[in-house]
Amino acid sequence: MDPLMENVSHTYFILNGFDELGELRPLLFIPFFFIFLLSISANSLLLYVIVSQRVLHSPMYILIALLACVDLSLPLYVIPNMLLNFLFDLRGISLTGCLTQMHCIHFIGSFTSSLLVWMALDRYFAICTPLYYHNSMAVPRFLKFVIPLLIRNFIFNTVLVSLAGRLSFCYRNVMDHCFCEHMALVTLACGNTSLNNLVGLVGIFLIPVTDFIIIVISYVIIFRSVFRSGTSGAKALNTCVTHIIVITVSLVILLTAFLSYRIRNYLSPSIRIFISTMYLLFPGCFNPIIYGLRTKEIRQQILRLDELMSAADKLVSAARRAGVRRRQAGVRRRQAGVRS
């Protein structure tokens, strides 16, 4: 490498994701835009239903509402820039903007993982210790489970991004990605990046993998409690298994995207980018279905709102028809007066 380049560090980067598609690249705007609309619409509806219906103001539904907020914020923060990139070829981003985006993506992603842990604990308290459920879910007690995970997420993500910001990027400034992913940026650095790789690897097992293990253990205890009680466990089994499947798929997508930078593989850059992007979009599209529509009480409130809207539409239509009839009657009276 040219010695002069060692003293030069790029502060502006080009997000060059899916460049292999060439002239077809702008067409990616269409599928990503519709997935974005689906995610925003579904989570907005779910959030509105929970906030507007007082019957849903209980700990479980508040956690679902928080999950909907997270699933709203991540696409809103990342996807619009991707759409502009595809449609108008706006690929540039500063190092500061890149690090800020990276921190937000990782913090929101880790917050989602923590939320799923809290939801699993909520179900554990509700099913295994129902007599003490409200005491366990009281804010002062539940904060003991909330604050440590939030501190863990913030400290780890701050360290991860800070280490990335200290690197020198003297090789090139073209990033094979559509957003600022940690390893996509680190691979552009010159010098030793082993510490960045180690911290990233520790983070994967410290946050999503650890949270996944806690969730699985919680659901296993729930299964045992339900079956030992002699009550029908079909509903609990169906719900918990569905949750575990969705969480497992999300974790597999995350690990595939993460390890693709560290293990020799035959994945093309476009496939790697698509997998990383699905990690951002997959939860926002499926969580409203898994945690919303499949929940009986939420589904009932959505149907109730639909019935109320249909009734309101009928009233508006009837009022319009009555107004038309009154105007027509008035016209006929005026015409009769003119003839007389």
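Predicted model, so just to flag it, every value in this text is computed and none were measured.
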Participant: Quick one: CZ on F33 to CD1 on I79, what's the gap to the nearest 0.5 Å?
Facilitator: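 It comes to 12.0 Å.
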Participant: Can you tell me how far apart CD (Q301) and OH (Y48) are? Round to the nearest 0.5 Å.
Facilitator: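 One gets 11.5 Å once the value is rounded to the nearest 0.5 Å.
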Participant: Look at the aromatic rings of F13 and H10 and report parallel, tilted or perpendicular, splitting at 30° and 60°.
Facilitator: perpendicular
Participant: Take I35 and C285 through the side chain to side chain contact (heavy atoms under 4.5 Å, CB included) test and state the conclusion after the steps.
Facilitator: CA-CA 7 Å; I35 294 174; C285 292; 3.6 Å; yes
Participant: Do L188 and N173 come close enough that some side-chain heavy atom pair is under 4.5 Å?
Facilitator: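 No, too far: nothing below the 4.5 Å cut-off.
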Participant: Would you indicate whether the side-chain heavy atoms of T100 and Y77 approach each other to under 4.5 Å?
Facilitator: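 In contact.
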Participant: Set out, in order, the CA-CA distance, both residues' side-chain angles and the distance that settles side chain to side chain contact (heavy atoms under 4.5 Å, CB included) for N43 and L47, then state yes or no.
Facilitator: CA-CA 6 Å; N43 286 287; L47 186 60; over 6 Å; no
Participant: Identify the two heavy atoms, one from F86 and one from F32, that lie closest to each other, and give their separation to 0.1 Å.
Facilitator: CE1-CD1, 3.7 Å
Participant: Angle between ring planes, F125 versus F145, binned at 30° and 60°: parallel, tilted or perpendicular?
Facilitator: tilted
Participant: Below 4.5 Å, heavy atoms only, C-beta onward: do I64 and Y61 meet side chain to side chain?
Facilitator: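 Answer yes - side chains close enough.
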Participant: I need the minimum non-hydrogen distance between A184 and H177, along with the two atoms involved.
Facilitator: CB-CD2, 3.9 Å
Participant: Between L99 and C180, is any pair of side-chain heavy atoms under 4.5 Å apart?
Facilitator: no
Participant: Determine whether S270 and E20 satisfy the following criterion, side-chain hydrogen bond (donor to acceptor under 3.5 Å, both in side chains), listing intermediate values before the conclusion.
Facilitator: CA-CA 7 Å; S270 293; E20 298 173 348; 3.0 Å; yes
Participant: Got a donor-acceptor contact below 3.5 angstrom from the S41 side chain to the L38 backbone?
Facilitator: no
Participant: To the nearest 0.5 angstrom, please state how far the CG atom of N81 sits from the CZ atom of R91.
Facilitator: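 These two atoms lie 14.5 Å from each other.
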Participant: Should I62 and I290 be counted in the same cluster of Ile, Leu, Val, Met, Phe, Trp and Tyr side chains packed under 4.5 Å apart?
Facilitator: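 Each belongs to a different hydrophobic cluster.
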Participant: So which heavy atom on N135 is nearest to which on R141, and how close?
Facilitator: O-CD, 3.1 Å
Participant: Hey, is NE2 on H134 packed in by over 12 heavy atoms from elsewhere, all under 6.0 Å?
Facilitator: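 Check fails, neighbour count at 12 or below.
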Participant: When you measure from the side chain of H106 to the backbone of F154, do you find a donor-acceptor pair of N or O atoms at a distance under 3.5 Å?
Facilitator: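 Side chain of H106 to backbone of F154, a donor-acceptor pair under 3.5 Å: no, none is there.
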Participant: From Q53 CD over to E297 CD, what is the distance, rounded to the nearest 0.5 angstrom?
Facilitator: 13.0 Å
Participant: If hydrophobic clusters are built by linking Ile, Leu, Val, Met, Phe, Trp and Tyr wherever their side-chain heavy atoms come under 4.5 Å apart, do M60 and L131 end up in the same one?
Facilitator: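 Cluster IDs for M60 and L131 differ.
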Participant: So, does S94 use its side chain to make a donor-acceptor pair with the main chain of G97 at under 3.5 Å?
Facilitator: yes
Participant: Is there side-chain contact between V70 and L74, with heavy atoms separated by less than 4.5 Å?
Facilitator: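 The answer is no, as the side chains (C-beta and beyond) never meet within the 4.5 Å cut-off.
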Participant: V252, M183: one ILVMFWY side-chain cluster at the under-4.5 Å cut-off?
Facilitator: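 Different clusters: V252 never reaches M183 through Ile, Leu, Val, Met, Phe, Trp or Tyr contacts under 4.5 Å.
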Participant: Quick one: CD1 on I222 to CD1 on I127, what's the gap to the nearest 0.5 Å?
Facilitator: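 Answer rounded to 0.5 Å: 4.5 Å.
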Participant: Show, in sequence, the C-alpha distance, side-chain angles and deciding distance for I275 and Y279, and conclude whether the side chain to side chain contact (heavy atoms under 4.5 Å, CB included) test is met.
Facilitator: CA-CA 7 Å; I275 294 173; Y279 174 70; over 6 Å; no
Participant: More than 12 non-hydrogen atoms from neighbouring residues, nucleotides or ligands closer than 6.0 Å to CZ on R166, yes or no?
Facilitator: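 Open.
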Participant: With D122, which residues qualify under salt bridge (charged side-chain N to carboxylate O under 4.0 Å, His left out), at least two apart?
Facilitator: none
Participant: Just so I know, are the side chains of I93 and F179 near enough to count as touching, which here means a heavy-atom distance under 4.5 Å?
Facilitator: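 Result no, sub-4.5 Å side-chain heavy-atom pair not found.
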Participant: Following the transitive rule for hydrophobic clusters with a side-chain heavy-atom cut-off under 4.5 Å over Ile, Leu, Val, Met, Phe, Trp and Tyr, establish whether L76 and L45 coincide in one cluster.
Facilitator: yes
Participant: Check whether S9 reaches the backbone of C170 with its side chain - one donor and one acceptor, N or O, closer than 3.5 Å.
Facilitator: no
Participant: Hydrophobic clusters here meaning ILVMFWY residues chained together by side-chain heavy-atom distances under 4.5 Å, can you tell me if V146 and F107 are in one?
Facilitator: no
Participant: Does a side-chain heavy-atom distance below 4.5 Å link I215 with Y219?
Facilitator: yes
Participant: Could you list the residues that satisfy side chain to side chain donor-acceptor pair (under 3.5 Å) with S194, not counting sequence neighbours?
Facilitator: N192
Participant: Any idea which heavy atoms bring R25 and L15 closest together, and the distance?
Facilitator: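 Scanning both residues, the minimum pair turns out to be NH2-O, 3.9 Å.
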Participant: What residues, two or more places apart in sequence or in another chain, satisfy side chain to side chain donor-acceptor pair (under 3.5 Å) together with T129?
Facilitator: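 T129: no side chain to side chain donor-acceptor pair (under 3.5 Å) contacts found.
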Participant: Got a second to check how far L167's CG is from S162's OG, nearest 0.5 Å?
Facilitator: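 Going from CG on L167 over to OG on S162, the span is 11.0 Å.
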Participant: F156 and V199: side chain to side chain contact (heavy atoms under 4.5 Å, CB included), yes or no, with the steps?
Facilitator: CA-CA 8 Å; F156 167 75; V199 171; 3.7 Å; yes
Participant: Looking only at non-hydrogen atoms, find the nearest pair between F169 and L185 and report the distance.
Facilitator: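 Nearest heavy atoms, F169 then L185: CE2-O, 3.4 Å.
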Participant: Check S113 against D211 and note the closest heavy-atom contact, atom names and distance.
Facilitator: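 Closest heavy-atom pair between S113 and D211: OG-OD2, 2.5 Å.
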Participant: Within the structure provided, determine whether I217 and I213 are in side-chain contact (heavy-atom separation under 4.5 Å).
Facilitator: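 Touching, per the 4.5 Å side-chain cut-off.
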Participant: So for atom OH, which belongs to Y133, do other residues, nucleotides or ligands contribute more than 12 heavy atoms lying within a distance under 6.0 Å?
Facilitator: yes
